[in-house]
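To keep things clear, I will list the structure first and then write my remarks on it.
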Amino acid sequence: MDNTNIAELLAKPYDKELAEKLYDPKKPMENRITDIGPPHYEQFFPPVIKENYGKWKSHEIVQPGVIKYVSETGAVCFAVRCGSARLITTDLIREICEIADKYCEGYVRWTTRNNIEFHVTDEEKLKALLDDLNGRKNPGGSYKFPVGGTGAGMTNIVHTQGWVHCHTPAIDASGVVKSVMDELFEYFGSHKLPAQVRVALACCLNMCGAVHCSDIAILGIHRKPPLVEDDRITGVCEIPLAVAACPLGAIKPATVEVDGEKKKTVRVNENRCMFCGNCYTMCPAMPLADGEGDGIAILVGGKISNRISAPKFSKLIIPYIPNEPPRWPSTVKVIKNILEKYSENANKYERLGDWAERIGWERFFEICDIPFTEKSIDDYRLAYDTYRTTTQFKWSVHTD
Amino acid sequence: MDNTNIAELLAKPYDKELAEKLYDPKKPMENRITDIGPPHYEQFFPPVIKENYGKWKSHEIVQPGVIKYVSETGAVCFAVRCGSARLITTDLIREICEIADKYCEGYVRWTTRNNIEFHVTDEEKLKALLDDLNGRKNPGGSYKFPVGGTGAGMTNIVHTQGWVHCHTPAIDASGVVKSVMDELFEYFGSHKLPAQVRVALACCLNMCGAVHCSDIAILGIHRKPPLVEDDRITGVCEIPLAVAACPLGAIKPATVEVDGEKKKTVRVNENRCMFCGNCYTMCPAMPLADGEGDGIAILVGGKISNRISAPKFSKLIIPYIPNEPPRWPSTVKVIKNILEKYSENANKYERLGDWAERIGWERFFEICDIPFTEKSIDDYRLAYDTYRTTTQFKWSVHTD
Amino acid sequence: MADVKKHDTPMVDELKSGPWPSFVDDIEQRGFNGKQACLDLLGQLELSYKHKETHWKHGGIVGVFGYGGGVIGRYSDVPEEFPAIAHFHTIRVNQPASKFYSTAFLRKLCEIWDYRGSGMTNFHGSTGDMVLLGTSTDQLEPVFFDLTHQMGADLGGSGSNLRTPSCCVGKARCEWSCIDTQDICYNLTMTFQDELHRPAFPYKFKFKVSGCPNDCVAAIARCDCAIIGTWRDEIRIDQEAVKAYMGGELKPNAGAHSDRDWGAFDIQKEVIDLCPSQCMMMDGNELKINNRECVRCMHCINVMPEALRPGLDTGATILVGAKAPILEGAQLATVALPFIKMDKDNDYEEIKDFVDKVWDWWMEEGKNRERFGELIQRQSMQEFLRRTELKPIPQMVKEPRSNPYVFWSAEEVEGGWKRDVKTFRARHAA
Amino acid sequence: MADVKKHDTPMVDELKSGPWPSFVDDIEQRGFNGKQACLDLLGQLELSYKHKETHWKHGGIVGVFGYGGGVIGRYSDVPEEFPAIAHFHTIRVNQPASKFYSTAFLRKLCEIWDYRGSGMTNFHGSTGDMVLLGTSTDQLEPVFFDLTHQMGADLGGSGSNLRTPSCCVGKARCEWSCIDTQDICYNLTMTFQDELHRPAFPYKFKFKVSGCPNDCVAAIARCDCAIIGTWRDEIRIDQEAVKAYMGGELKPNAGAHSDRDWGAFDIQKEVIDLCPSQCMMMDGNELKINNRECVRCMHCINVMPEALRPGLDTGATILVGAKAPILEGAQLATVALPFIKMDKDNDYEEIKDFVDKVWDWWMEEGKNRERFGELIQRQSMQEFLRRTELKPIPQMVKEPRSNPYVFWSAEEVEGGWKRDVKTFRARHAA
Ligand code: SRM
Ligand code: SRM
Ligand code: SRM
Ligand code: SRM
Ligand code: SF4
Ligand code: SF4
Ligand code: SF4
Ligand code: SF4
Ligand code: SF4
Ligand code: SF4
Ligand code: SF4
Ligand code: SF4
């Protein structure tokens with residue numbers, strides 16, 4: 001299988017019966033193609049991209065969502081970026097293909113933040129494409145392909161599975177993202193923030209959304225220690241693994257009587273539990289999820305790029321907001337407020353975390369009117385490095 | 001005993017027999033005065049200080065070592081600061097008293113860095129005092145009372161006991177200080193550095209000299225694990241305490257045969273030892289000192305004041321220089337070099353550590369021509385926070 | 001079209017309104033369009049909205065023959081109510097580097113997935129895969145055969161193996177890329193197919209490749225081995241363009257701040273003063289950069305893309321050990337190799353040699369579920385350097401250590417560690 | 001004068017030359033002047049220079065009756081060679097706050113020490129005591145009786161007790177002192193005499209008092225409880241003096257940079273640009289400070305002492321937990337109370353109440369040889385706040401935590417922690 005040239009293969013119609021013909025469970029290696037890796041990228045490049053690979057000279061964001069690239073060869077390419085729910089159906093992908101075929105010579109791309117990008121090479125097509133995109137709406141009225149996500153604005157929220165697919169979430173992902181993006185929609189299609197603002201969501205502490213370095217992070221958290229299913233645990237996991245799973249050593253082996261029978265199980269020292277969920281990952285008989293206990297923590301001020309300041313972690317500023325499906329109004333409100341306060345107060349080019357550091361976190365909490373709680377004080381391994389070991393601080397509502 | 005007024009008491013001649021008369025070992029509480037605390041400070045204030053307490057308005061360093069204070073009352077006070085070896089004899093104190101009586105109405109003070117301060121209120125006396133001080137020399141030619149230690153210069157080296165009195169030192173203190181100060185003497189009596197430079201010395205990791213936050217720190221270190229005196233250990237310390245002493249758990253109880261007899265003792269996992277010396281502090285049968293192993297580590301860039309930047313720790317830049325009594329030439333040389341490079345390159349008001357951070361530590365090592373070794377990389381508890389987690393760094397000799 | 005059953009989903013339906021693309025509408029439409037799984041998924045989601053708890057069971061090990069990764073098992077814990085999603089495994093399909101597609105490819109994928117799965121996807125997963133969301137165990141092998149035989153596609157990673165590498169758009173469209181991000185990503189993926197498909201590591205291992213320090217694929221935060229483009233020579237300056245920015249003819253930051261009046265562009269305030277290494281200055285009308293002091297943060301280039309460009313002696317900085325918080329806390333990646341040439345001609349030998357040493361050490365010493373970055377923290381950066389045969393340089397640390405707890409080995413110390421108590425006591429009475 | 005024996009000390013003698021005061025000359029002279037101990041000390045030092053090892057034995061518990069501290073026992077390990085220093089204990093004498101002395105006091109001290117000790121001292125010890133260096137066990141009680149009866153002086157601390165508090169020169173001579181450093185130091189010392197003399201703590205505990213954030217007594221790095229003066233209102237500005245600095249009539253930083261040509265004073269570059277909170281500006285010829293944003297770093301005041309002065313609503317910031325590296329690594333002190341009035345009239349009640357709570361906790365929970373700062377690290381800042389009844393405020397931290405590992409208690413969580421597996425499984429099939 002030559003993955004550098006699969007055009008021919010793709011040109012063939014899908015053969016629904018082929019797999020069953022080739023695959024014989026009794027001889028699983030027969031006809032098996034493995035380790036071919038992903039298709040080679042180059043064959044999917046639109047012509048202008050292929051021809052100008054490595055030759056691009058500069059770019060200009062001609063309007064939010066539309067970036068014009070100019071090559072040393074003089075070639076021009078417009079990239080049009082559209083928001084996406086990421087959780088999308090084959091129908092929607094087909095619609096994307098239809099658009100790509102119509103305007104983009106049959107090519108399309110996704111960004112690292114799950115936006116869709118269409119490429120055209122002349123302004124006329126650009127205009128037609130934009131009109132087309134803006135016109136496509138869902139039955140409920142939402143845009144199918146909102147254009148934006150560039151420059152000093154907000155782009156798509158990187159997020160994870162939530163209740164749509166994962167087994168460990170403390171919150172939903174897609175629903176929260178939709179609720180936040182609806183409210184902050186104006187920032188997606190405009191360049192009026194001081195710098196780019198990256199919002200991310202992860203539905204549990206595993207942080208598949210890598211929210212640990214985002215300007216604003218929405219994090220699903222549990223707040224109740226794991227249940228222990230004494231009658232099931234030995235059947236579904238090994239006690240030593242469950243015990244070893246806990247970074248704080250809060251899990252100890254135990255023996256209990258279940259229906260008159262002695263059973264090996266574990267006990268959790270609940271006061272030492274920090275709800276990380278690693279025990280559940282290792283052992284299905286230790287679920288943490290709880291409708292009342294679970295909810296959202298907000299972290300802010302992280303970043304990835306090495307621009308001006310070094311990459312940094314997001315900081316926990318709101319330890320808990322209850323789950324409020326379907327629209328999570330409290331979460332939406334605090335995020336909007338932070339974004340607006342940032343927008344009003346930060347300097348041009350200044351990322352949210354750099355702003356907070358410049359004015360001081362005491363001032364950040366004051367300006368954003370967020371109560372400071374002990375939960376924001378670190379007490380994990382490297383906690384000491386976050387203590388304030390100087391008399392340099394500002395007076396604020398907290399000291400008034 | 002009224003410690004706010006001891007003038008009368010002091011006026012009486014010293015009665016050499018009194019103690020023996022009053023103290024009866026069989027009735028130790030008889031005649032015993034305890035818990036009186038230190039003499040009240042106020043009675044030792046020179047008149048101008050007492051009268052203007054809390055009224056000082058401003059000051060000017062009229063020349064290195066001489067600070068003129070002006071009070072709201074119009075009063076003026078000159079403080080004349082003199083270097084001192086700190087390790088001084090009663091003869092020298094008497095000489096200080098003689099000077100204080102002659103020029104300073106019988107008062108004198110010591111600074112927090114062990115310099116001596118004389119106070120006079122008029123310029124004439126000031127001149128006479130300065131002349132007198134400059135004229136006093138030791139038989140070997142050294143100044144008894146060098147004037148300086150103010151402003152953007154070097155002041156006295158805070159230091160500790162060394163081989164003169166302590167049981168745990170890896171180096172001498174007074175000898176090293178003398179050697180360094182001799183070489184850097186010009187900086188003590190002048191204001192030509194970018195900012196103040198605080199040098200400190202501690203003869204072991206206990207750091208009685210609190211060298212952990214100095215611009216330049218000279219630190220005595222051991223490099224051989226403790227010996228274990230199997231035949232003595234149970235007599236002089238408790239095994240569990242010795243075991244518990246080790247922060248790295250490198251000490252384990254053991255039983256050995258000494259002269260055919262089974263003895264309880266300990267064994268050290270030498271590869272886990274970091275030579276902190278805490279075991280020896282707890283147990284005299286575990287000495288670390290070794291003429292070949294011990295020596296000096298140099299740390300730089302710490303500070304205490306909250307001026308401009310927050311207080312910070314000194315950083316280890318040279319892990320080891322051998323002990324070279326009596327004049328420690330290698331140590332003196334590297335310190336002088338660092339000081340000079342700092343002086344040439346830093347901005348006005350910029351402390352050594354702030355300079356190193358501004359130019360980047362890679363550049364600091366380059367400019368000071370100090371080899372970077374793995375010993376400068378942290379591997380203790382909070383090590384992660386010192387890793388470079390950004391692509392921001394400079395090219396230097398290390399990458400060329 | 002088959003008959004489909006719509007559940008009552010009042011809460012979930014609230015997510016149809018508002019301007020942002022509604023996943024609910026999309027999924028519901030797909031459901032009405034014949035996919036019961038879609039409607040069952042919305043039904044179960046409604047139940048989750050009611051209970052505020054997930055309704056997926058814990059894990060489930062499923063996969064395709066010969067691979068230990070690429071499929072995540074998933075079962076509903078209310079299968080009677082939602083039988084179409086009783087099994088709902090995901091298949092991670094390795095995306096083409098930087099995620100360009102032909103519609104032919106996507107259409108074929110849709111056909112397969114409509115036929116064999118739920119019709120639902122993530123485009124893309126957080127690691128970068130095309131995620132096919134929801135099918136039953138019996139369809140796993142057929143999907144795999146379809147992907148390999150009919151599309152030339154393969155699975156991505158999951159489990160304790162190499163995860164699907166990913167990269168930024170790089171030279172394909174970006175003028176700043178210092179390295180061939182796609183080629184590196186593809187090359188590593190192909191070279192390490194075995195590591196990707198057959199879990200043999202202590203835990204997951206990720207590569208990401210960004211063309212420059214803007215790091216558009218978030219490598220520095222999200223992967224065990226980050227490859228980030230950089231340059232060693234001088235930032236290229238077009239002084240005429242600098243003047244054009246100063247004169248207001250060119251828009252700063254390529255127009256990224258267009259919707260707000262930030263006043264006239266001020267090169268001093270907006271560029272020179274913000275340069276983290278303070279290595280820029282105006283010399284009359286000329287912009288001067290002291291490149292030896294530049295830390296290549298990209299800011300000036302970002303602000304004046306027509307005037308400034310990365311240098312020509314390009315390569316990559318390699319950083320290691322980034323990860324999410326589980327277990328010991330999150331880590332950003334640490335500089336390991338400050339600069340290496342990324343040489344296509346020698347098949348990226350240098351980085352692969354490095355990676356081999358990394359894996360040797362980690363596979364020998366790493367504990368179960370210990371990420372590579374955690375191993376470094378546990379065994380020390382010194383050990384990392386020894387095992388990878390790198391020399392320690394100050395670029396690896398923000399600052400030298402401040403604690404004095406240095407380890408020495410007997411070989412380093414004059415006279416070694418063998419000492420005799422008696423000789424010591426001969427000098428020193430106890 | 002008694003007959004004295006000079007040892008051969010060629011190496012030590014090398015330390016007589018050079019300009020810095022030679023401790024060798026001083027000690028040798030004192031030796032020739034009748035003190036064999038001085039000459040023996042130099043002799044033993046020579047031996048140490050030869051062996052590169054100390055020649056003092058480990059510890060030795062000696063002291064005066066009723067006190068558990070104040071004396072450090074010390075014995076030579078080569079007593080035959082240097083009999084005059086066979087015993088060489090030190091006595092720590094509590095210095096008067098800020099270390100002013102009358103010559104009458106010093107002379108008396110010298111007399112005592114010449115008669116009963118080695119004639120050698122440290123003026124002063126690192127903690128602040130007058131250190132009388134070297135006497136024998138039988139002289140300890142007599143020295144103590146002499147000190148108390150004939151000088152009104154007392155011992156300082158050593159061992160696991162309160163150590164001798166110390167302070168900067170403060171209002172006695174410094175225009176910036178926001179608090180009565182001497183009075184506070186004296187008051188605390190007197191109040192806590194029992195704690196100072198009778199070890200009852202897990203380890204040592206230190207107080208230091210600095211009048212302003214310049215921290216001339218190094219409190220923030222060297223003590224368990226640092227009291228550092230500050231102000232809450234506005235920096236006082238004398239605009240005329242500002243102009244005088246700008247005009248070059250006044251020397252910046254009071255002349256601290258006098259021996260080098262740094263060029264004409266530039267208020268923008270030297271003050272405004274260096275202000276860490278960037279809260280200063282020139283408004284025409286007027287210097288303006290946005291005091292709400294000022295972090296009271298002292299820089300502007302240090303540079304222009306004739307023009308700027310701390311505010312008038314003064315008090316102290318209390319920081320806790322600084323220490324040297326043993327065992328867990330060095331710590332700088334952490335903000336505990338951002339501001340308290342230091343009220344002489346109420347006998348500094350507020351800080352004493354705080355200290356009581358600190359000690360209660362530490363004495364209950366502190367492990368042997370665990371400094372207070374280490375207890376905070378081990379049991380968390382949260383526990384510290386609970387035990388001292390302080391409310392958490394952002395001033396206590398540099399930044400909020402970045403890891404998500406937050407502890408919750410059952411009371412804080414809706415429904416508590418009691419949950420029933422059966423009810424859970426009724427909703428979720430296993
Ligand atoms: C398309 C995409 C790369 C890809 O392979 O898909 C991309 C494309 C560009 N990035 Fe990016 N970045 C992309 C994700 C990122 C990420 C990763 C992320 O967000 O997860 C980052 C790091 C985020 C962070 O720091 O937290 C990122 C940090 C930057 C920066 C630094 C901005 C800053 O102020 O720190 C620049 C420079 C700039 O914007 O001037 C930049 C610049 C650019 C440029 C101008 C580069 C160029 O010349 O083509 C591209 C258009 C920028 C724009 O959208 O305004 N790109 N960029 C990604 C679009 C994501 C999206 O759909 O929104
Ligand atoms: C006398 C003394 C206080 C005492 O109670 O004994 C003192 C006295 C003064 N200090 Fe200090 N400082 C004294 C130890 C300190 C210490 C503690 C130490 O070094 O161990 C520090 C913190 C050191 C550090 O940051 O590492 C200290 C940091 C300062 C600063 C901050 C300087 C900076 O650039 O960071 C100032 C402000 C200045 O110099 O402009 C200052 C300013 C002053 C002023 C100007 C205050 C005043 O108006 O009287 C005094 C004269 C300064 C001079 O010598 O140039 N004093 N000063 C101490 C003299 C020590 C000596 O003998 O050399
Ligand atoms: C599907 C995906 C989220 C998504 O919605 O996109 C995902 C989903 C899961 N991740 Fe993840 N991770 C996904 C990208 C990530 C990322 C992001 C990245 O790769 O850039 C991270 C953070 C970066 C990192 O690797 O540290 C990530 C960090 C984790 C962790 C924590 C690892 C750590 O060292 O801290 C776990 C926990 C574990 O491994 O047990 C985890 C575990 C999981 C599991 C397997 C749940 C589990 O406990 O076993 C999730 C399966 C969900 C499901 O049923 O579909 N996932 N996971 C992403 C993979 C799709 C793809 O292949 O493209
Ligand atoms: C005399 C003095 C050094 C000097 O030359 O001035 C001193 C001398 C000793 N110190 Fe110290 N320390 C002295 C001030 C300090 C300071 C500085 C300070 O107080 O500002 C510190 C650092 C600040 C701090 O407390 O953390 C200090 C941190 C230590 C430590 C490490 C404590 C820690 O928590 O890290 C030890 C080790 C111990 O306690 O076992 C120690 C232990 C010792 C012992 C008792 C040795 C031991 O292992 O038992 C030393 C006795 C030496 C001797 O024979 O004379 N000494 N010690 C200082 C006391 C004189 C005085 O009372 O004025
Ligand atoms: S963040 Fe947690 S809950 Fe969300 S997809 Fe990843 S592992 Fe699952
Ligand atoms: S949730 Fe985390 S801390 Fe709590 S018991 Fe499980 S593994 Fe331990
Ligand atoms: S630093 Fe160490 S050797 Fe020096 S006096 Fe203190 S305890 Fe003794
Ligand atoms: S010197 Fe320190 S690390 Fe080494 S054995 Fe002794 S206590 Fe442990
Ligand atoms: S990381 Fe750099 S090279 Fe890659 S897309 Fe972003 S800006 Fe371009
Ligand atoms: S890339 Fe960054 S560090 Fe280098 S000159 Fe430009 S702004 Fe300065
Ligand atoms: S700490 Fe402040 S008040 Fe005290 S002497 Fe130093 S400058 Fe003056
Ligand atoms: S004291 Fe420091 S922070 Fe305050 S105005 Fe002056 S320089 Fe700025």
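Order of the sequence lines fixes the chain letters, A, B, ..., with proteins taken first and strands second; residue numbering starts at 1 for each chain.
- A heavy-atom distance below 4.5 Å is found between the side chains of B/Arg307 and D/His299.
- Only the side chain of D/Asn368 comes within contact range of chain B, with at least one heavy atom under 4.5 Å from a heavy atom of that chain.
- Using modelled atom types, one side-chain atom of B/Arg109 and one backbone atom of D/Ser98 make a donor-acceptor pair closer than 3.5 Å.
- Side chain of D/Ser126 to backbone of B/Cys208: a donor-acceptor contact under 3.5 angstrom is found.
- The contact between B/Tyr349 and chain D is made by backbone and side chain atoms together, counting heavy-atom distances below 4.5 Å.
- Contact of B/His119 with chain D is made through the side chain alone, with heavy-atom distances under 4.5 Å.
- Using modelled atom types, no side-chain atom of D/Trp20 and backbone atom of B/Ser142 make a donor-acceptor pair closer than 3.5 Å.
- Using a 4.5 Å cut-off between heavy atoms, B/Thr281 contacts chain D through both its backbone and its side chain.
- Two residues are said to be in side-chain contact when any heavy atoms from C-beta on lie closer than 4.5 Å; D/Leu196 and B/Asp35 fail this criterion.
- When heavy atoms are compared at a cutoff of 4.5 Å, B/Thr160 approaches chain D solely by way of its side chain, counted from C-beta outward.
- Within the 4.5 Å cutoff, the side chain of B/Met282 has heavy atoms near those of the D/Arg369 side chain.
- Looking at B/Asp15, both its backbone and its side chain come within 4.5 Å of chain D, counting heavy atoms on both sides.
- Under a 3.5 Å cut-off, the side chain of D/Gln193 and the backbone N or O of B/Gly37 do form a donor-acceptor pair.
- B/Asn306 places a side-chain heavy atom less than 4.5 Å from the side chain of D/Ile220.
- Aromatic pair B/Trp163/D/Tyr49: ring centres closer than 6.0 Å.
- Within the structure, the salt bridge (Lys or Arg N to Asp or Glu O under 4.0 Å) test picks out the following pairs touching residues 16-25 of chain D (sequence neighbours left out): D/Asp13-D/Lys16, D/Lys16-D/Glu28.
- Both the backbone and the side chain of D/Ile27 come within contact range of chain B, each with at least one heavy atom under 4.5 Å from a heavy atom of that chain.
- For B/Ala245, the part sitting under 4.5 Å from any heavy atom of chain D is the backbone (N, CA, C, O) and nothing else.
- Between chain D and the residues B/Leu92, B/Val158, B/Asp172, the largest count of heavy-atom pairs under 4.5 Å involves B/Asp172.
- One finds no salt bridge joining B/Lys303 and D/Asp215 here, because no Lys/Arg side-chain nitrogen approaches an Asp/Glu carboxylate oxygen to under 4.0 Å.
- Residue pairs satisfying the salt bridge (Lys or Arg N to Asp or Glu O under 4.0 Å) criterion with at least one member in residues 164-173 of chain D, sequence neighbours excluded, are listed as follows: B/Glu117-D/Arg173.
- Residues D/Phe105 and B/Pro39 meet the side-chain proximity criterion, which asks for heavy atoms closer than 4.5 Å.
- Taking the six-membered ring for Trp and the full ring otherwise, the centers of B/His167 and D/His58 sit less than 6.0 Å from each other.
- The environment of NZ in B/Lys21 is crowded: more than 12 heavy-atom neighbours from other residues, nucleotides or ligands sit within 6.0 Å.
- Put simply, the side chain of B/Arg32 never gets that close to the backbone of D/Gly66: no donor and acceptor are under 3.5 Å apart.
- For the pair D/Glu14 and B/Lys178, the salt-bridge criterion is not met [side-chain N within less than 4.0 Å of a carboxylate O].
- Taking the centre of each ring, B/Tyr107 and D/Tyr101 stay at or above the 6.0 Å mark.
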